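Following: one structure in structure tokens, then a few remarks.
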Amino acid sequence: MLPKAYEPQEVEQKLAEKWQNAKLFAAKADKNKKPFVIVIPPPNITGALHMGHASTNTLQDVLIRAHRMFGEDAYWVPGTDHGGIATQNVIEKKLAKEEHKSRHDLGREAFVKTVWDWYNECGNAIFNQFRKMGWSLDLSDIRFTMDEKRAKAVYECFRQWWEKKYIYRGKRLINWCVRCSTALSDIEVEHEQHAGKLWYLRYKGEDGSDGIVIATTRPETIYADAAIAVNPKDERYKNMVGKKVIIPLANRAIPIIADEAVELGFGTGALKITPAHDATDYEVGQRHNLPIMTVISDKGKMINCPEKYLGMDRELCRKETVKDLDAAGLLVKEEKYNNAVSTCYRCHSAIEPFMSEQWFVKMDELAKPAIEAAESGELQFHPANWKNPFLNWLKNIQDWCISRQIWWGHRIPVWYCRHCSEKGLTFATDQQGHEQLTKVSFEDGAKPIVSYEKPEKCPICGGHDLVQDPDVLDTWFSSALWPMSVFGWPEKTPDMEHFYPTSVMVTGYEILYLWVARMVMTGLAFTGKLPFKDVYLNGIVRDKHGQKMSKSKGNVIDPLDMTAKYGTDAVRFSLLMQAVPSKDIPYSEDSITGARNFCNKIYNASRFILMNMEGIKGPLAMPTEVTELADKWILDRFTNAIKTAREGILKYNLALTANTLYHFLWGDFCDWYVELAKQRFQTQEKEKVMALCVNILYGTLKALHPLIPFITEEIASSLRPYVQEEGEFLLQQAYPEFKPEWCNKEAVRKMEIIQGVTREIRTIRAQFNVPPALKITAVLTAKDEAELTVVKEYEGYIKLMAKADKLDIGVNLAKPKQTATAVFENTAIYVPLTGLIDFEKEKKRLEKDLAVAKANIASREARLAQENFIKHAPKEQIEKTKDELAAAKVALAQVTASLEDLA
RNA sequence: GGGCAGUUGGCGCAGCGGUAGCGCGUCCGCCUCACACGCGGAAGGUCACAGGUUCAAAUCCUGUACUGCCCACCA
């Protein structure tokens, strides 16, 4: 016998092991089967499992498991991401904490080795946590974005794009993270509102006049000013254009120019132009051929400025500059101002626009096929409202800055001959005394040789002194190739043939551009096929009040803590109950207890059925024909639940699947069917009832298995002797099919009446505190025989469910004395309760019913009185309204009579 | 500045043309021999606001107000 309450921990451990040992999750690469493939969004090697993983991977797992049970060749491809900047940051922090060293203390080679050591040790640790979650990944072959095969894919992409001239080198203003000391692409920059200040500064005229007042949020950049710009339409400054003013503190003269980019209404209408430190200013500078002066270094320190500030941190320089301007009487005023500050998406420190030469990918040609695929509907978003933002982004796409000045990542596969590229190469000696290439300038004559491995000799001079480009590629460069590279692209592998394109990409909407768009573009560029035709965007798991979970807020829920406490299935199910595409999930422990309770309910229902199996020999076939109403009814409910559950999976609405099965199992099966079946356990019908019970329960477990694999597997294995199923594991069995022949509207209607009448009697019992043990008698009466057929025929159901030992059923029966009354549709219900009736209470109850009946009559009559309603509404609607009116009238009559009786 | 979502009982959500459902919470009664992680019952909402379309609107349209997210070169 099973223990009294479900204890998940032991079961989960046991099953997770069994599943892996049975190689249950391996794809068969069976050409006769339709492949169903999901490539996992690779988790970073440093990341601990968090609710975001729990949510997105559970969704993928449900889809994979379900499609496997649908008979497809399901394959969920596992892998990890090297995670570029994020990983480098983590390892640097670790290094600082544990050894008080920076990466420069180690040197590049040793640092990279440290990260690889970390990967080899812990890189797959996250998959042990994944296994705990029951995620059906085949862990015998785990990819890594930096392993050799993936590195080859990255190189091949680079080579082809280089040859096509999509990849190029360019000098421009890029986003520079001073803390991470690297360039970032545009979409890696986030915008945050910061409470800052706006300073008004006076630039005196060269001629000694008062000059002009500008407003700026960045006074420390005045030393790099190249001009003051005003709007050409601005009357205030019309006659000043062309004149020169003096940069305060720097005492350098710059011209006043006119440019459309200047907003008339903002500040003073005059804008300082600093091409090297602001994107807009850069463009203005280009238009007016302004010189570019850089005053902030890549380390965030002041350079090329008045001596006093040299080497100062940019933040400090700002303060000092303001102070000095004030002292010089050139600070006109300062006001509070909320401005959008660009920040690094990895470390959230302020981004510095920075002039530098970087590697770029030209995107317009690559974007075109992706735009077509989205516009034609070949690429589908779930939900569909992401299509437009996706298109909008692609249509305004900027070239992609792919070089990063960090050490961890795919090194740019470009080499230089020290002899031939001499002028374009800058070397420095690192702390280990090694000479390192630190900077490459194509402008100054660096000549690239694209090669995966170090070329033997320089193709120009034949020299052997070759050095590799110091930069690494953006992490997302390898991620963009992921759905192909996992199958061995660019090799023509059997996996690539069979599994590509994949079926659906499941990921968060926050990386739609960063990742999804790029996979679509590269997939189309290299294979001519979309890497997936469906994109399912899942929401973000937030706290109960919709706040993002974060350590600083202290509202983080750790999925592993929760599984330890409530069981993995409970955590999974709680997420699935709320899994509506693209909707954020407000999450708290409460939602897990609900799911845990459901698991326990399943467990106990199963336990009960097993208890009653004593003396019965399995397997029990599902009866081909049923005559009993309860049986007909439960088959209808069951097969409709299955239908909806399947629909939910196919439409990526797993909340629908979860909720449907939850309510079927609990509300229909346990509360009504099993309760009614109890009575039949004492009769010869027992075996047939047990056959239905066990088969429906087993079918429901199968339907639930993709959602809550552990408990369903555990119970199913106990039930297996009683059902006709092959296969040791549920995953090897077929998902239940919808059976139209089980639909039975008549049975559902009859049960509705029985349930309705039962509830009325139960309500009376509850309201008058009839002790549970006390059996009662009830009178059921109506105006004609036909209204009473159902209650008459299924008298036994009502007696059982309402705890009545006698029912008097007949036409126009008289109301006994001391009676509580109720009405269900056309049937009046009298429950004599001698000594138990509280007349005041009953009067209140009846008055309430009276009001409801009256309101119902009024609204139906009003509607039926409208000519237009009769004219336009569909027939069924009119009929329905008439029926409702009739029922309301019956109710009114009954209630009125009862009230009169009371008085 | 543009775009997209959301606004439904105390809380969190579903419903998306025929006048409201779920879970949690609350209240009442029950240890009824599967389950107190349970059973039965009750209370609680003019579905943000204002117009419009329709015989009929949480549900469609327009606008307003909040809330959140995304995009954008107002210093």
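It should be emphasised that the depicted structure is a prediction, and the values quoted were computed from it without experimental measurement. Side chains are part of it too, since the values below use all heavy atoms of this structure and drop only hydrogens, waters and symmetry mates.
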- prompt: On a whole-Å scale, what distance lies between the P atoms belonging to G38(B) and G18(B)?
  reply: 34 Å

- prompt: Cationic tip of Lys601(A) within the cone over Phe669(A)'s six-membered ring, i.e. under 6.0 Å and within 45° of the normal?
  reply: no

task: For the side chain of Gln767(A), starting at C-beta, report the closest nucleotide among A75(B), C55(B), G41(B).
output: G41(B)

task: Take the protein atom CG of Leu512(A) and the nucleotide atom P of C71(B), then report the distance between them rounded to whole Å.
output: 10 Å

query: Of the candidate nucleotides U19(B), G38(B), G41(B), which contains the atom at the shortest distance from the side chain of Asn597(A)?
result: G38(B)

message: For U19(B) and Lys880(A) - does any side-chain N or O of the residue sit under 4.0 Å from the phosphate oxygens OP1/OP2?
response: yes

task: Determine, for Glu842(A) against Arg845(A), whether the closest basic-nitrogen to carboxylate-oxygen distance falls under 4.0 angstrom.
output: yes

task: Nearest whole angstrom, please: distance from the C1' of A72(B) to the OH of Tyr513(A).
output: 12 Å

statement: Classified by glycosidic angle (syn within 90° of 0, else anti), A43(B) comes out anti

message: Quick test of your reading of the model: are Arg637(A) and Asp668(A) salt-bridged, counting only N-O distances below 4.0 Å?
response: yes

message: The side chain of Asp671(A) is closest to which nucleotide in this list: C35(B), A75(B), G40(B)?
response: G40(B)

message: Regarding A14(B), can its base be found pairing with the side chain of Gln578(A) as donor and acceptor, where the two atoms are less than 3.5 Å apart?
response: no

query: Given the C1' atoms of U46(B) and C31(B), what is the spacing between them in whole Å?
result: 43 Å

task: Using whole Å, report how far NZ of Lys875(A) lies from P of C55(B).
output: 20 Å

- prompt: So which nucleotide from C22(B), C69(B), A34(B) ends up closest to the side chain of Tyr509(A)?
  reply: C69(B)

query: Expressed as a whole number of Å, how far does the P atom of A48(B) sit from that of A57(B)?
result: 15 Å

message: Less than 3.5 Å apart, any donor N or O on the side chain of Tyr509(A) or Asp584(A) sitting next to an acceptor on the other?
response: yes

- request: Quickly work out the Glu510(A) CD to A5(B) P distance and round it to whole Å.
  value: 19 Å

query: Hey, is the side chain of Lys871(A) pairing donor to acceptor with the base of C55(B) inside 3.5 Å?
result: no

task: Round to a whole Å and report the spacing from CD of Glu589(A) to P of C37(B).
output: 16 Å

field: Rounded distance (Å) that lies between atom P of U32(B) and atom NZ of Lys799(A)
entry: 23 Å

Salt bridge (Lys or Arg N to Asp or Glu O under 4.0 Å) partners of Arg596(A), counting only residues at least two apart: none

Interatomic distance at P, U64(B) relative to C4(B), whole Å: 14 Å

Closest to side chain of Asp590(A), choosing from A34(B), C24(B), G18(B): C24(B)

message: Angle between ring planes, Tyr6(A) versus Tyr603(A), binned at 30° and 60°: parallel, tilted or perpendicular?
response: tilted

message: Using the C1' atom as the point on both nucleotides, what is the distance between C69(B) and G25(B), in whole Å?
response: 30 Å

message: What's the separation between atom CE in Met549(A) and atom CG in Asn555(A), rounded to the nearest 0.5 Å?
response: 6.5 Å

message: Run through RNA chain B and report every stem of 3 or more consecutive Watson-Crick or G-U pairs, distances under 3.5 Å, ordered by first number.
response: B:1-7 with B:65-71, B:10-13 with B:21-24, B:26-30 with B:38-42, B:48-52 with B:60-64

query: Can any side-chain N or O of Asn175(A) pair as donor or acceptor with the backbone N or O of Pro353(A) at less than 3.5 Å?
result: no

message: Check the phosphate of G23(B) against Ser591(A), side-chain N and O only, distance under 4.0 Å to OP1 or OP2. Yes or no?
response: no

field: Atom pair distance, as rounded to whole Å: CG in Asp278(A) and P in C73(B)
entry: 11 Å

C1'-based separation of G23(B) from G44(B) [nearest Å]: 15 Å

- line: Leu661(A) CG to C22(B) P, in whole Å, measures 18 Å

message: Please pick, from C37(B), A34(B), G41(B), the nucleotide with the shortest atom-to-atom distance to any side-chain atom of Arg596(A).
response: C37(B)

task: Can you figure out which of G40(B), G18(B), G29(B) approaches the side chain of Phe869(A) most closely?
output: G18(B)

- request: Just call it for Lys387(A): base, sugar-phosphate, or nothing, with non-hydrogen atoms closer than 4.0 Å on any strand.
  value: nothing

message: Using atom C1' in both nucleotides, what's the gap between C24(B) and A58(B) to the nearest angstrom?
response: 23 Å

statement: Of G38(B), C55(B), A34(B), the nucleotide closest to the side chain of Trp666(A) is G38(B)

- prompt: For the side chain of Asp569(A) and the backbone of Ile711(A), is there at least one donor-acceptor N/O pair under 3.5 Å apart?
  reply: yes

query: What pairs with Lys544(A) under side chain to side chain contact (heavy atoms under 4.5 Å, CB included), at least two apart in sequence or on another chain?
result: Ser588(A), Asp590(A)

field: Among C11(B), C55(B), A14(B), the nucleotide that comes nearest once only the side chain of Ala873(A) is considered
entry: C55(B)

- prompt: Looking across every strand, which nucleic acid part, if any, lies under 4.0 Å from Ala279(A) by heavy atom: base, sugar-phosphate, or nothing?
  reply: nothing

query: Out of A75(B), A72(B), C4(B), which has the shortest distance to the side chain of His191(A)?
result: A72(B)

task: Write down the distance separating the C1' atoms in C16(B) and U7(B), rounded off to the nearest Å.
output: 15 Å

